[in-house]
Amino acid sequence: MLALCRLPSGVEVPHPRPCREKPLRAMLGCSLLAVALPGVRQCRTASRASRAHAVQRPNLVTVIRSQARTGDRLRVLPSATMGADHSGGAQAPCIFVHAGAQDRSWLGFGGSFSEAAAETLKRLSRRSRDEVLSAYFHPSGLRYNLGRVPIGSCDFSLYNWTCGDLPEGDMDLKGFSLKRYEEAILPMLRGAARARKAPLTLLASPWSPPPWMKTRPTFNGEGHLRPECREAWARHFVRFVEEMEKAGVPIWGVSVQNEPEAAQCWESCIYSAEEELIFVRDHLGPALRRHHEDVKILVWDHNRDGMLERASVIYDDSIAADLVWGVAYHWYGDPRFETWPPRTEVPFADRQQGGTVPELRGCAGFENVRQLADLRPDKHILFTEGCQELGGRPLSSVMGDWKLGERYSMNIIADVNAGCEGWIDWNLCLDEEGGPNHVGNTCVAPVICDTRTDKVLYQPSFWHLGHFSRYIRPGARRVLCSTTRDALEVTAFANPDGGLVVVVLNQSEESIGFWLKVRHSGETRAVVLESPRRSIQTLLVEDGKKEGWFSKLARTLPSTIQLGLSNAWYAVAPKQPYQRLP
């Protein structure tokens with residue numbers, strides 16, 4: 001059984017790494033400590049002590065598993081009891097969690113309400129629409145609480161359009177309207193809020209101003225915002241926020257521009273760092289301060305590779321920095337998954353089996369998230385877009401590809417460990433072709449809806465996302481964790497109720513036994529677990545006070561009987577629609 005597997009004898013056990021020196025960070029909404037004391041560096045553990053969640057004593061571990069080439073999809077396995085650490089030292093395969101060293105508050109998870117997603121959902125039956133929204137937003141689903149909505153059209157729209165009829169020269173935005181949103185996007189947003197039984201935290205992002213506001217008067221391409229139109233465009237943001245609120249959908253924050261350095265064949269607008277700074281400092285920031293001072297402003301909203309440089313320019317201006325909540329970013333640029341990034345092979349000698357093993361490198365920029373977190377600890381970092389581009393392939397060629405789910409998990413783990421505070425996926429759902437997309441830039445979404453047959457097809461990325469979003473609650477705090485085996489990728493959080501959530505990803509073709517060790521109140525509690533090959537697992541560590549009598553009784557049985565009963569029950573137990581295989 002998972003909780004009772006044996007480790008190889010004679011393995012070494014590594015010491016957990018001490019808390020690294022990092023800049024002192026502030027939690028959401030705190031003062032600009034790093035500005036006032038720019039030279040101060042302090043252990044994260046000490047700086048968070050007064051704000052840490054009181055963590056339950058680690059007595060019981062519940063394991064939730066999804067695994068390739070099996071029927072396990074967010075499957076709950078029998079619990080295991082933690083006890084004294086008998087690993088024999090610090091260099092056995094292990095995952096170590098320091099429950100008292102806590103980072104800033106977690107915002108949550110979500111996805112994007114593009115017109116493509118909304119129109120796809122609209123074409124389904126009422127039953128299937130409700131299934132998709134419940135799968136994402138209901139407490140029995142992924143428990144999403146965040147969302148992103150385009151301001152105007154984007155590539156995942158049916159065609160180019162603006163917010164109402166805004167003819168050239170309409171600086172007062174007399175023709176502004178959300179009529180098009182009422183056709184599909186707003187009904188989807190309202191349905192999501194009903195499924196969640198609470199409002200969503202929404203970010204709004206533009207892909208292009210009306211073409212007449214740009215130096216190149218088209219939706220697509222390399223046009224910049226004309227200086228004389230900056231005030232009108234800032235007013236457009238304000239109107240969007242106001243009209244969405246009137247429609248019953250409040251906006252939490254806005255990003256200045258989606259991908260401001262990409263001149264695409266779909267809606268685009270180029271901003272240099274200086275142009276974005278000027279627009280925020282002199283126009284957008286003051287406009288929102290006057291009318292909606294609680295609405296957050298995020299800059300960049302492009303890939304990791306340039307996030308530090310862009311933020312540095314804007315944060316160096318004290319007025320602009322005061323107006324900016326943080327940086328939004330995307331994940332694109334990884335040649336392991338995309339055809340367009342620069343690609344470099346770095347060879348390594350395989351000293352055990354001979355030959356060389358190449359490693360692909362591009363411009364994914366994973367380390368830049370941590371660098372940005374260190375640049376301004378008082379500011380915030382939010383992931384706002386990621387998906388798998390099809391690059392001309394038919395959607396059918398990648399349906400069910402487990403590696404695409406692993407892409408999500410490896411990115412989430414790397415980014416949250418580096419300082420990311422929330423995660424918003426791209427399209428919530430797409431149709432049977434990976435669209436609609438008015439320029440043919442089709443992609444994969446975690447939910448594919450076959451509008452011809454009214455079938456809802458869950459992809460591996462959905463289950464991978466669920467291992468995080470279902471269990472890491474808004475307000476959770478990341479805790480320090482380490483792994484002694486590189487094949488085990490891990491992150492850990494302390495939830496507001498004091499429970500620990502540890503997510504373990506194993507992309508290898510080998511199952512790996514390991515010790516889960518949790519340091520809590522001066523003692524280390526441990527248990528032996530297993531990470532099966534090509535699996536992702538969520539480990540819920542609690543004091544066990546709420547454990548039911550049947551679970552307690554089951555844990556007294558031999559491990560082989562426990563596993564047999566678990567398999568038999570999983571085969572016949574009622575399942576959520578997203579747990580059923582096609």
Side-chain angles (χ1 to χ4, degrees), residues 26 28-29 32 34-35 107 112 146 148-151 154 201-209 224-225 227 230 233-234 236-238 240-241 251-263 267-289 292-333 365 368-386 415 418-424:
L28 292 174
L32 305 183
V35 177
L107 290 174
S112 296
L146 303 183
R148 185 178 183 225
V149 59
I151 300 176
C154 65
T201 299
L202 288 176
L203 175 74
S205 305
W207 268 245
S208 174
H224 295 240
L225 179 65
R230 287 169 177 161
W233 186 229
H236 189 286
F237 278 84
V238 173
F240 187 85
V241 170
I251 298 297
W252 166 85
V254 297
S255 65
V256 176
Q257 169 63 40
N258 178 75
E259 300 186 347
E261 289 191 358
E267 292 85 340
S268 311
C269 187
I270 305 300
Y271 285 77
S272 67
E274 291 74 18
E275 287 172 326
E276 187 169 20
L277 186 159
I278 291 168
F279 181 63
V280 169
R281 184 191 63 198
D282 301 342
H283 303 280
L284 179 60
L288 287 174
R289 280 271 173 100
H292 302 280
E293 63 179 357
D294 57 333
V295 173
K296 312 294 189 291
I297 297 176
L298 288 79
V299 296
W300 188 230
D301 211 359
H302 207 159
N303 300 334
R304 294 189 196 94
D305 54 358
M307 64 194 305
L308 179 64
E309 179 179 340
R310 178 61 62 105
S312 297
V313 173
I314 293 172
Y315 289 162
D316 278 351
D317 185 291
S318 60
I319 298 174
D322 183 55
L323 294 165
V324 170
W325 180 84
V327 171
Y329 73 99
H330 305 174
W331 76 12
Y332 308 110
N368 292 345
V369 179
R370 190 181 305 277
Q371 297 294 327
L372 177 58
D374 287 350
L375 174 70
R376 284 294 296 264
D378 56 302
K379 294 298 184 181
H380 307 284
I381 305 172
L382 179 65
F383 181 87
T384 54
E385 185 184 315
D415 285 358
C420 172
E421 300 167 57
W423 187 276
I424 304 177

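Note that the coordinates shown come from a computational prediction; the quantities given were computed from them, not determined experimentally.
- Looking only at distances, no side-chain donor or acceptor of Lys379 sits under 3.5 Å from a matching main-chain atom of Val327.
- For the pair Trp331 and Asn303, the tightest heavy-atom approach, listed with the atom from each and the gap, is N-OD1, 4.4 Å.
- Ile297 has its side chain out of reach of Arg289: every pair of non-hydrogen atoms, C-beta onward, lies at least 4.5 Å apart.
- Applying the side-chain contact (heavy atoms from CB on, under 4.5 Å) criterion to Gln371, with sequence neighbours excluded, gives Leu308, Glu367.
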**Message:** side-chain contact (heavy atoms from CB on, under 4.5 Å) for Asp415 and Arg304? Distances and angles first, verdict last.
**Reply:** CA-CA 10 Å; Asp415 285 358; Arg304 294 189 196 94; 3.0 Å; yes

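- For the residue pair Asn258 and Ser205, no side-chain donor N or O sits within less than 3.5 Å of a side-chain acceptor on the partner.
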Show me the donor-acceptor pairs, under 3.5 Å and distance only, between side chains in residues 281-288 and residues at least two apart or in other chains.
unit_1, atom_1, unit_2, atom_2, d
Arg281, NH1, Asp317, OD2, 2.9
His283, ND1, Glu231, OE1, 2.7

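- Partners of Glu261 under the salt bridge (Lys or Arg N to Asp or Glu O under 4.0 Å) rule, at least two apart in sequence or in another chain, are Arg310.
- Atoms CG and OG, from Asp316 and Ser312 in turn, are 6.5 Å apart once rounded to the nearest 0.5 Å.
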request  = Take Phe279 and Gln257, measure what side-chain contact (heavy atoms from CB on, under 4.5 Å) needs, and give me the verdict at the end.
outcome  = CA-CA 11 Å; Phe279 181 63; Gln257 169 63 40; over 6 Å; no

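- Judged by distance alone, the side chains of Tyr329 and Asn368 never bring a donor and an acceptor atom under 3.5 Å apart.
- Glu259 places none of its side-chain heavy atoms less than 4.5 Å from the side chain of Ser268.
- Interatomic distance, CD of Glu309 versus CD1 of Ile314, reported as 11.0 Å (0.5 Å rounding).
- Listed by chain and number, the residues in a side-chain contact (heavy atoms from CB on, under 4.5 Å) with Ala321 are Tyr315, Arg376 (sequence neighbours excluded).
- The side-chain contact (heavy atoms from CB on, under 4.5 Å) test applied to Glu275 returns His224, Arg230, Tyr271, Ser272, not counting sequence neighbours.
- In this structure, His380 and Lys296 have side chains that are not in contact, with every pair of non-hydrogen atoms separated by 4.5 Å or more.
- Nearest heavy-atom pair across Val149 and Ile251 is CG1-CD1, 4.2 Å.
- Contact between Ala320 and Val280 at its shortest, heavy atoms only, is O-CG1, 4.4 Å.
- Here the shortest heavy-atom pairing between Leu146 and Gly422 reads CD1-CA, 4.5 Å.
- What you find for Trp423 and Leu382 is that their closest heavy atoms are N-CD1, 4.1 Å.
- Taken from CG in Leu203 to CH2 in Trp325, the straight-line distance is 9.0 Å, to the nearest 0.5 Å.
- The backbone N or O of Trp300 lies less than 3.5 Å from a partner atom in the side chain of Glu276, making a donor-acceptor pair.
- Formation of a donor-acceptor pair under 3.5 Å by the His330 side chain with backbone atoms of Asp301 is found in this model.
- A heavy-atom distance below 4.5 Å is not found between the side chains of Val238 and His236.
- Among residues two or more places apart in sequence or in another chain, the side-chain contact (heavy atoms from CB on, under 4.5 Å) test is passed with Pro209 by Met213, Lys214, Leu225, Trp233, Cys269.
- Atom-to-atom distance recorded for Leu372:CG and Met307:CE is 4.5 Å, nearest 0.5 angstrom.
- Atom CZ of Phe383 and atom CD of Glu421 lie 14.5 Å apart (nearest 0.5 Å).
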